[in-house]
Structure formats: structure tokens, C-alpha cells
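Below: the structure, in C-alpha cells.
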Amino acid sequence: MVVKLMTTNNLLKKHIPEDLLQQWKEITSQKQSSKVRIANFGLLKAGKSMLFNCLSDSVDNSDFATGSVRTTVKPKELELDNYILVDTPGLDCTDHDSDQTFKVLKGADIAIFVHNIKSGELDRIERKFLENIAKNWDEVSVFINRTFWVMTHLDEQECSDSVKIYQAVRQQICDIFNHDVEMFSVASPRYQKGKAENKKLLLAKSNVPQFREALDQKIVTDAEAVISDRNNKKENCHKQITKVIRDKITEANKNISKCQSQSSKKRQQLSDQLSNLIEQTKRSVETYNSI
Ligand SMILES: Nc1nc2c(ncn2[C@@H]2O[C@H](COP(=O)(O)OP(=O)(O)OP(=O)(O)O)[C@@H](O)[C@H]2O)c(=O)[nH]1
Ligand SMILES: [Mg+2]
């Protein structure tokens with residue numbers, strides 16, 4: 001008999017649920033860097049990539065492609081001096097994109113939620129995605145503590161409406177997580193123009209420097225906690241995988257015992273039938289001999 005040995009990867013694929021395996025891959029495939037990983041998330045055209053270009057000071061949007069039609073189609077990573085940025089596709093395009101973003105967030109240390117203030121309050125898809133996090137995140141309080149909430153397109157919505165929208169979105173987030181959050185409103189093109197033309201007023205009015213400062217501050221104050229959370233995440237994921245494997249072994253052992261007991265029952269039945277047959281044959285021969 002030829003026993004085909006399966007590779008570890010194939011074994012994992014066969015026995016571990018896809019989402020758990022994906023989470024493990026996401027955590028373990030990250031560059032073994034002590035740098036903080038920052039991932040964005042939000043609807044299509046929310047301004048995620050442009051905001052990341054501001055963080056990397058790419059005034060011509062060359063680090064992360066931006067555009068007026070669906071632009072980011074798969075996550076893109078960029079390593080900077082003090083952190084790694086992971087740009088993601090819009091949540092509202094396909095279910096696969098949303099799932100992929102959820103996994104990217106699981107592997108990130110800090111998340112940045114990006115919402116276009118021009119689109120008004122959070123829509124159904126954004127709320128659904130956030131509700132899913134509130135329901136399924138291992139430690140929601142850590143998520144809240146490590147997430148920045150940013151509204152873009154401030155330059156196109158500077159009217160009384162923007163204050164109303166700002167407050168309404170903040171309330172929506174508070175309702176989902178039962179936690180009040182601080183929100184930033186930014187104007188990314190203004191920041192890029194200010195950088196390119198060295199115009200301090202534009203930079204200040206973009207609000208991006210204030211946001212960057214808060215982000216930098218968070219990275220400094222949470223540095224140790226981030227590493228310890230990262231290890232906890234890895235450990236939790238490893239524990240879950242081990243549990244799945246142990247449960248599978250227990251189930252397989254039960255099946256083996258069941259098969260063994262069935263086979264021994266069958267063996268006994270066969271043996272009884274054969275003994276019966278021998279006995280009957282013997283009796284027939286005796287009867288024949290006595291005639
Ligand atoms: N006026 C203004 N335009 C912005 C701002 N942020 C982004 N944009 C523009 O909005 C469009 C979408 O921006 P992106 O950064 O590509 O949006 P995205 O969320 O990455 O989009 P996808 O990758 O397709 O999901 C681009 O044309 C940007 O130039 C902003 O703060 N103000
Ligand atoms: Mg993009």
C-alpha cells in the first residue's frame with residue numbers, strides 16, 4: 001500500500017477553517033518588524049489612499065494610487081521610517097474585498113477608518129462592517145483604543161452641514177461600540193498642495209498635521225502595548241488552531257473506536273454463522289450416515 005504524505009500546508013488547508021488559517025497567515029506572513037502596522041478601511045472613494053499619501057508625504061500620489069473610479073483592488077503595503085502602511089480596497093465593492101479588509105485589520109496594530117464627509121452619515125455597508133467588528137473582535141476595547149476615525153473632503157464640505165454630519169457619524173460609531181470616539185476631519189489635497197508649495201497656512205488648514213501628530217503620539221505611547229497585543233493575537237490564533245486540531249483528533253479516535261467495535265461485532269457474527277454452518281453440516285453428515 002502506498003501512503004501519500006501530505007505537506008503541512010495541505011494538511012492545514014484540509015483541516016483548519018479557512019478564515020482561521022487566513023488569520024494565521026496574515027499574522028505570520030508579516031515582516032518580522034518591530035514597526036507598527038497601520039491599516040486603513042472605509043468605503044470606495046472615501047479617500048483612503050490619498051490620506052496614506054499624506055502620511056508618506058507623497059504629494060503626487062505616487063505611493064498609493066488614487067482616482068475617481070475604483071482604484072485600490074488589493075491591499076498594498078509601504079514601509080516608512082517609523083511605521084508600515086497598509087492601504088486596502090473599498091468595503092462596498094465585493095464581499096471578498098470586505099472579508100480581505102477584515103483580515104488585514106486583524107493583522108494590523110492600528111486601524112484608520114476613513115469616511116467621506118460629503119456622503120453624509122455612515123451608510124448600511126459601513127455600519128454592517130463596524131457592527132461585525134463590534135460582534136466578532138476578540139477584544140473590542142483594544143480595537144477602539146487603536147482606531148483613528150477620519151473624515152475626508154473637509155475642503156469640499158466646510159459648511160454648517162459638516163458639523164451636523166460630524167456629530168451624527170460620531171453618534172453612530174458610539175451607538176455601535178458603546179464608546180465615544182475622537183474624530184478628525186481632513187482635507188488631503190490641501191495638505192499635498194501645502195507640502196508641494198511650502199504653504200504653512202494650507203498645511204494647518206488641512207488638519208493633516210494635527211492628525212499625524214496624534215498618530216505619532218499614539219505610536220510612541222502604545223509601542224510596548226502594541227507588541228504585547230501582537231503576541232497575544234498570535235498566541236490566541238495559535239490556541240484556536242491547536243483546539244481545532246485536538247477536536248479533530250478526538251473525533252477521529254471516536255470514529256476509529258466505532259469502526260473497531262463494528263468490525264469486531266461483524267467478526268463475531270461471521271464466526272457464529274460459520275460455527276453454525278459447521279454444526280449443521282456435521283448434523284447432516286450424521287443423519288446421512290445413520291440412514
Ligand atoms: N477634495 C478632496 N478630494 C479628495 C480627498 N481625499 C480624496 N480625494 C479625492 O477622492 C478620490 C478618491 O480618493 P482615493 O484616495 O483614491 O479613495 P480610496 O478610498 O482610496 O478609493 P478606492 O481605492 O477606490 O477604494 C480621488 O479623486 C481623490 O483625489 C479630500 O480630502 N478632499
Ligand atoms: Mg484606494
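Just follow the structure's listing: the first ligand is 1, and inside any ligand the first atom is 1. All residue numbers refer to positions in the sequence shown, counting from 1.
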Task: For atom 1 (N) of ligand 1, closest protein heavy-atom neighbour - done: Asp155 OD2, 2.8 Å

Task: SB check Lys243 Asp247 (cutoff 4.0 Å) - done: yes

- [ ] Select the closest option to atom 4 (C) of ligand 1 among His153, Arg190, Glu156, judged by heavy-atom distance.
- [x] His153

Open item on the list: For a quick test of reading the model, state the closest non-hydrogen atom pair linking Ala65 to Thr72 and the distance between them.
Closed with: O-OG1, 4.0 Å

- [ ] Using a strict cut-off of 4.0 Å, indicate which atoms of ligand 1 neighbour a heavy atom of Leu44.
- [x] 24 (O), 25 (O)

TODO: Using the test side chain to side chain donor-acceptor pair (under 3.5 Å), find all partners of Asn145 that sit at least two apart in sequence or belong to another chain.
DONE: Lys218

- [ ] Would you please name every residue forming a salt bridge (charged side-chain N to carboxylate O under 4.0 Å, His left out) with Asp138, sequence neighbours left out?
- [x] none

Task: Total protein N, O or S atoms, the Mg ion (ligand 2), separation less than 2.8 Å - done: 2

Task: Shortest non-hydrogen contact between Asp180 and Cys174, atoms and distance - done: N-SG, 3.9 Å

Open item on the list: Show me which atoms of ligand 1 lie under 4.0 Å from any heavy atom of Arg70.
Closed with: 24 (O)

- [ ] Please check if any side-chain donor atom of Gln268 sits under 3.5 Å from a side-chain acceptor atom of Asp272, or the reverse.
- [x] yes

Task: Those atoms of ligand 1 less than 4.0 Å from some heavy atom in Gly90 - done: 25 (O)

Task: Which segment of Ala187 sits under 4.0 Å of ligand 1 when only heavy atoms are counted - done: backbone

TODO: Could you check atom 12 (C) of ligand 1 against the protein and tell me its nearest heavy-atom contact, residue, atom and distance included?
DONE: Gly67 O, 3.3 Å

TODO: Ignoring hydrogens and angles, state whether a donor on the side chain of Gln171 or Asp175 is under 3.5 Å from an acceptor on the partner side chain.
DONE: yes

TODO: Considering heavy atoms of the protein only, find what lies nearest to atom 20 (O) of ligand 1 and give residue, atom and distance to 0.1 Å.
DONE: Ser49 OG, 2.8 Å

Task: For atom 13 (O) of ligand 1, closest protein heavy-atom neighbour - done: Gly47 CA, 3.8 Å

Open item on the list: Any non-hydrogen side-chain atom of Asn178 less than 4.5 Å from a side-chain atom of Val140?
Closed with: no

Open item on the list: Checking Lys248 now: which residues fulfil salt bridge (charged side-chain N to carboxylate O under 4.0 Å, His left out) with it, not counting sequence neighbours?
Closed with: none

Open item on the list: Does the plane of the ring in Phe148 sit parallel, tilted or perpendicular to the ring in Phe184? Use 30° and 60° as the thresholds.
Closed with: tilted

Task: Protein contact to atom 23 (O) of ligand 1 [nearest heavy atom, distance to 0.1 Å] - done: Thr72 OG1, 2.7 Å

- [ ] Specify the protein heavy atom at minimum distance from atom 25 (O) of ligand 1: its residue, its atom name, and the distance to 0.1 Å.
- [x] Lys48 NZ, 2.9 Å

Open item on the list: Hydrogens and angles aside, do Ser62 and Asp60 bring a side-chain donor and acceptor to less than 3.5 Å of each other?
Closed with: yes

Task: No-hydrogen, no-angle side-chain donor-acceptor test under 3.5 Å, Asp87 and Ser49 - done: yes

- [ ] Starting from atom 30 (C) of ligand 1, find the nearest protein heavy-atom neighbour and note its residue, name and distance.
- [x] Pro189 CD, 3.2 Å

TODO: Name the option, out of Met151, Met50, Gln192, Lys45, that contains the heavy atom nearest to atom 24 (O) of ligand 1.
DONE: Lys45

TODO: Would you check if the distance from the ring center of Tyr166 to the ring center of Trp149 is below 6.0 Å?
DONE: no

TODO: Indicate yes or no: does an N/O atom of Ala46 lie under 3.5 Å from an N/O atom of ligand 1?
DONE: yes

Task: Contact check: Ser188 vs ligand 1, nitrogen or oxygen atoms, below 3.5 angstrom - done: yes

